[in-house]
Every structure is written in C-alpha cells, then in structure tokens.
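To keep things clear, I will list the structure first and then write my remarks on it.
Computed from a predicted structure; not experimentally measured. Scope of the values below: all heavy atoms of this structure, side chains included, with no hydrogens, waters or symmetry mates.
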Amino acid sequence: MPRKLESDTIGMLLTDVSRLLRGAFDRKVNAMDLGITPGEARTLVQVAVTEGIKQAEIATRMGIEPMTLSAYLDRLEAMGLVARVPDPADRRAKNVVVTDKADPLITELMSGLREMMNAYTEDLGDDGREVLRANLRILRDSLRRLDPCLAGREKGAAE
C-alpha cells in the first residue's frame with residue numbers, strides 16, 4: 001500500500017494555493033460585474049503585464065491552449081480592449097497590446113484584486129507580504145534559469 005505523501009511540501013503548497021487563488025479570482029471577477037469573464041480578465045492582466053509579446057507566448061505564460069487564448073483575445077479585441085499589432089521583428093507575427101479603452105477596466109480590476117489579496121494576506125502583515133513576494137521572485141527566477149524548458153525563453157527572465 002502506498003504511503004501517504006506529505007501535503008506541506010513547497011510544491012504541494014504552491015499548487016494548493018494556486019488552485020485556491022484561481023477560484024477566488026474567478027469569484028471576485030464575477031462579483032465585480034465588469035462585463036468580462038474571469039478567463040478574459042486573466043488574459044487582460046497578462047497582456048498588460050507582458051505588453052507587446054506574441055499570442056503563443058501569452059498562452060504559454062498562462063498555461064492554456066493557444067486556441068483558448070485566441071477566443072479570449074477575439075472577445076477582448078471586439079470590445080476594443082486589446083489590439084493585435086505587427087511584430088517589428090517578424091512581419092508575419094502579431095503582438096498583443098492593451099488599448100487606452102482598457103485602462104479604466106484594468107484599474108478597476110486591479111483595485112478589486114488588490115483588495116482581495118490584501119484580505120487573504122492580512123495575517124502575514126506588511127513585512128511578511130514583502131518576504132513572501134521576495135521569496136516567490138527568487139523561486140520564479142530560479143525556475144526560469146534552471147528549467148531547461150524555460151531557460152532564456154520567457155520574457156522577463158533576465159528582469
């Protein structure tokens with residue numbers, strides 16, 4: 001009979017927290033009634049953070065299929081919130097950027113998400129939040145540097 005695995009390993013904790021945060025994010029976005037779905041909200045945030053990268057790179061960063069992302073981007077583009085613009089380095093490729101029309105929506109979305117995260121991290125205190133943020137950055141940078149599938153491929157890897 002297999003042994004029960006420890007559930008408080010760093011990997012298990014990160015997976016569990018990620019799952020819980022994703023559900024909380026979805027509920028928060030739905031409650032905010034912004035006129036976009038949680039998937040579209042995640043996409044809009046990712047485009048704003050990575051402004052000007054290719055659609056395939058955004059899908060990889062979000063951990064979703066390119067066709068799923070394409071549907072989100074199609075709807076966001078139809079609402080005038082994102083635009084696909086020519087990649088200056090490759091005329092065949094398109095990069096995705098947010099439009100000025102998206103700014104008020106992004107501001108409202110991020111305000112709601114900050115409020116949510118502040119509530120969930122309140123018990124950490126300000127210093128604890130900063131320590132957590134710093135340690136997560138170190139972990140992210142180590143993964144980008146050491147994982148042969150990621151090394152040098154993700155935008156922001158050297159940032």
Side-chain angles (χ1 to χ4, degrees), residues 5-85 94-144 147 150 153-157 159:
L5 297 178
E6 184 182 344
S7 64
D8 278 350
T9 64
I10 291 172
M12 292 295 289
L13 286 168
L14 285 171
T15 299
D16 204 27
V17 168
S18 178
R19 175 185 58 81
L20 293 167
L21 279 176
R22 184 178 179 96
F25 178 99
D26 290 358
R27 288 185 297 280
K28 181 67 174 178
V29 169
N30 285 330
M32 291 179 74
D33 198 26
L34 299 170
I36 59 175
T37 67
E40 291 162 355
R42 266 190 290 284
T43 301
L44 190 58
V45 169
Q46 193 62 232
V47 171
V49 167
T50 60
E51 183 85 16
I53 67 172
K54 292 179 185 69
Q55 197 167 308
E57 293 173 63
I58 297 168
T60 298
R61 289 180 67 96
M62 292 178 66
I64 62 175
E65 292 297 320
M67 289 307 295
T68 302
L69 177 67
S70 184
Y72 292 151
L73 288 173
D74 288 346
R75 289 191 296 268
L76 292 170
E77 191 170 38
M79 289 184 262
L81 302 174
V82 300
R84 292 170 170 117
V85 298
K94 299 280 187 184
N95 294 337
V96 185
V97 297
V98 294
T99 64
D100 291 342
K101 183 178 179 181
D103 289 344
L105 180 66
I106 292 170
T107 299
E108 185 177 354
L109 174 62
M110 294 310 295
S111 175
L113 295 176
R114 267 194 239 45
E115 176 186 292
M116 178 190 80
M117 286 306 299
N118 285 340
Y120 292 139
T121 61
E122 183 177 357
D123 291 343
L124 295 174
D126 291 340
D127 291 342
R129 277 189 203 110
E130 287 308 313
V131 168
L132 177 60
R133 187 177 290 117
N135 285 326
L136 288 171
R137 281 187 190 120
I138 291 167
L139 180 59
R140 178 192 61 197
D141 293 347
S142 293
L143 283 164
R144 285 177 170 164
D147 187 322
L150 297 176
R153 294 188 59 214
E154 271 199 5
K155 181 177 177 160
E159 298 172 352

Practice task
Say whether, by atom type as modelled, one donor and one acceptor occur between the side chain of T121 and the main chain of L124 under 3.5 angstrom.
Solution key: no
Practice task
Measure the spacing between CG of L69 and CG of D74 and express it to the nearest 0.5 Å.
Solution key: 9.0 Å
Problem - Crowding at CG, N118 (>12 non-hydrogen neighbours, <6.0 Å) - result: yes
Exercise for the section: Check D26 against P38 and note the closest heavy-atom contact, atom names and distance. Expected result: OD1-CB, 3.2 Å
Completion exercise
The reported gap from CG in N30 to CZ in R27 (rounded to nearest 0.5 angstrom) is 9.5 Å
Practice task
Tell me, with the steps shown, if L14 and L136 meet side-chain contact (heavy atoms from CB on, under 4.5 Å).
Solution key: CA-CA 10 Å; L14 285 171; L136 288 171; 3.9 Å; yes
Exercise for the section: Sort and list the pairs that fulfil salt bridge (Lys or Arg N to Asp or Glu O under 4.0 Å) and have at least one residue in residues 29-40, not counting sequence neighbours. Expected result: E40-R75
Exercise for the section: Go through the steps for L81 and V47 under the test side-chain contact (heavy atoms from CB on, under 4.5 Å), then give the verdict. Expected result: CA-CA 10 Å; L81 302 174; V47 171; over 6 Å; no
Problem - Between CG on residue L109 and NZ on residue K28, distance to nearest 0.5 Å - result: 10.0 Å
Practice task
Evaluate the side-chain proximity of D141 to R144: yes if any heavy-atom separation is below 4.5 Å, no if none is.
Solution key: yes
Exercise for the section: Find out whether M117 and R129 are in side-chain contact, i.e. whether some heavy atom of one side chain is under 4.5 Å from a heavy atom of the other. Expected result: no
Handout entry: Trace of the side-chain contact (heavy atoms from CB on, under 4.5 Å) decision for R137 with R133
Key = CA-CA 6 Å; R137 281 187 190 120; R133 187 177 290 117; 3.2 Å; yes
Exercise for the section: Evaluate the side-chain proximity of M79 to L76: yes if any heavy-atom separation is below 4.5 Å, no if none is. Expected result: yes
Problem - Heavy-atom closest contact (F25 atom, A41 atom, distance) - result: CZ-CB, 3.9 Å
Problem - Test item: S142 side-chain N/O and I138 main-chain N/O as donor-acceptor pair under 3.5 Å - result: yes
Exercise for the section: List the steps and the verdict of side-chain contact (heavy atoms from CB on, under 4.5 Å) for T60 and K54. Expected result: CA-CA 10 Å; T60 298; K54 292 179 185 69; over 6 Å; no
Exercise for the section: Calculate, to the nearest 0.5 Å, the distance between atoms CD and CG belonging to E108 and L113 respectively. Expected result: 10.5 Å
Handout entry: Candidate list V45, V98, L34, test side-chain contact (heavy atoms from CB on, under 4.5 Å), partner I106, passing option
Key = V98
Problem - Minimum side-chain heavy-atom gap D8-L13 below 4.5 Å - result: yes
Problem - Donor-acceptor under 3.5 Å (S111 side chain, T107 main chain) - result: no
Completion exercise
Separation between CG (L20) and CG (D16), nearest 0.5 Å, reads 5.0 Å
Exercise for the section: Compare all side-chain heavy atoms of E57 with those of N95 and state whether any distance is below 4.5 angstrom. Expected result: no
Handout entry: Gap separating the CE atom of M62 from the CZ atom of R42, nearest 0.5 angstrom
Key = 6.5 Å
